[in-house]
Amino acid sequence: MRAVGYRKSLPITETEVLVDLDLPQPEPGPRDLLVKVEAISVNPVDTKVRMRAEPEAGGVKVLGWDAAGTVVAKGAEAEGFSVGDAVFYAGDLTRPGTNAEFHCVDARIVGHKPARLDWAQAAALPLTAITAWETLFDRLDTAKPVPGAAPAILIVGGAGGVGSVAIQLARHLTDLTVIATASRPETAAWCRDLGAHHVVDHARPLAAEVASLGLGAPGLVFSTTNTDAHLAEIAALIAPQGRFALIDDPAQLDVALLKRKSLSLHWEFMFTRSMFGTSDIGAQGALLDEVARLVDAGRLRTTLGEHYGRIDAQNLRRAHALIESGRAKGKIVLEGFSD
């Protein structure tokens, strides 16, 4: 089968950083679905793994943790799906990735594709939807008010993949005022179009930016990027006893800044359930089915920002480069393999 992977961790400027491969088609395990991959999207995790994880000596590593495709076979213990079903999912960090014609995935973390979306539009959603959903509802517990705080949430990095879904979920599934951050006119417009009530500039001091809205101190903050650079401002602007969640990988995090206000810290990593085989692993499949229902009801929309064409090494190198530039808006999607 055709696939894209790498033999050595290299900078994105190197031609051999990602290469086209011919690999054996995988066989599904007992709980697995074998999916014919129709479209994929690219996430920051793809670039992080590529830079940090060397393949085994003489081996290759296939990246990719978002896919939409068709079930072509299933294991004896895989439930809830039939051959021919259209699905979407984000996969498992500990297994080969989705940048391949065929891919095996645990059926419990798979959702049925939204009917109103095409393959590329659907592939843009799974990883970011799971991350945003788990952060808002499992970690931050948005339904629980913070005493005395403004009923508002600040989403740092609103135009990124996760922020783009979080804005929609917070706007449509909570009563919170949604404040997003963006630093360019086009990304600010993107956030407003997705449903943000207010957009502030994260290139300026965030505490002053939020205070200028006149809403009071928000009780919830969701940081998707550059958390270490914004932490002091977040600690200053959030209400006492507020809840703060992050998803990125700061080299250092001075949690002492959170003590004076008795702030709680919540880290979200959407691969936790699949990586550790948690007892509630099936929550991710159920979550994706609910996302599909909301999309088909017209309450959520795809966050596809760029379509980079066919799934091949050249186009994936372009996608990784844009992710690493920090200037991506929404999600980068690739669709189909060249004949």
Inter-residue atom distance Lys113.NZ - Asp296.CG, 0.5 Å rounding: 8.0 Å
Straight-line distance of Ile109 CD1 to Arg31 CZ, nearest 0.5 Å: 12.0 Å
Point-to-point distance, once rounded to the nearest 0.5 Å, from CG of Leu10 to CD of Glu54: 7.5 Å
Salt-bridge contact Asp201-Arg204 (side-chain N to carboxylate O under 4.0 Å): yes
Reference residue Asp66; test side chain to side chain donor-acceptor pair (under 3.5 Å); the match among Thr98, Asn43, Thr128: Asn43
Lys48 with Asp248: basic N within carboxylate O range, under 4.0 Å: no
More than 12 heavy atoms from other groups under 6.0 Å of CG on Asp280: yes
Arg95/Asp106 ion pair, N-O < 4.0 Å: no
Flag, side chain of Glu268 to backbone of Ala245, donor-acceptor distance under 3.5 Å: no
Main-chain N/O of Arg327 paired with Arg184 side-chain donor or acceptor, under 3.5 Å: yes
Lys144 vs Arg243 side-chain heavy atoms within contact, under 4.5 Å: yes
Within-4.5 Å side-chain heavy-atom neighbours: Glu209 and Ile179: no
Within 6.0 Å of CD in Glu27, more than 12 heavy atoms from elsewhere: no
Gap separating the CZ atom of Arg50 from the CG atom of Leu18, nearest 0.5 angstrom: 6.0 Å
Pairwise side-chain contact, Leu231 with Leu258, heavy-atom cut-off 4.5 Å (strictly under): yes
Distance in Å, Leu246 CG paired with Leu253 CG, rounded so as to fall on 0.5 Å steps: 6.0 Å
N/O donor-acceptor pair under 3.5 Å between Asp228 side chain and Pro250 backbone: no
Side-chain touch Met1/Pro26, heavy atoms, less than 4.5 angstrom: yes
Arg273 and Asp138 ion-paired at < 4.0 Å: yes
Side-chain heavy-atom pair Ile167, Ile155 within 4.5 angstrom cut-off: yes
Non-hydrogen side-chain atoms of Leu288 and Pro126 separated by less than 4.5 Å: yes
Close side-chain approach of Leu173 to Leu294, heavy-atom, < 4.5 Å: yes
Met270 side chain reached by Trp65 side chain, heavy atoms, under 4.5 Å: no
Cationic N near anionic O, under 4.0 Å, Arg318 to Glu306: no
Aromatic ring proximity, centroids under 6.0 angstrom, Tyr6 and His320: no
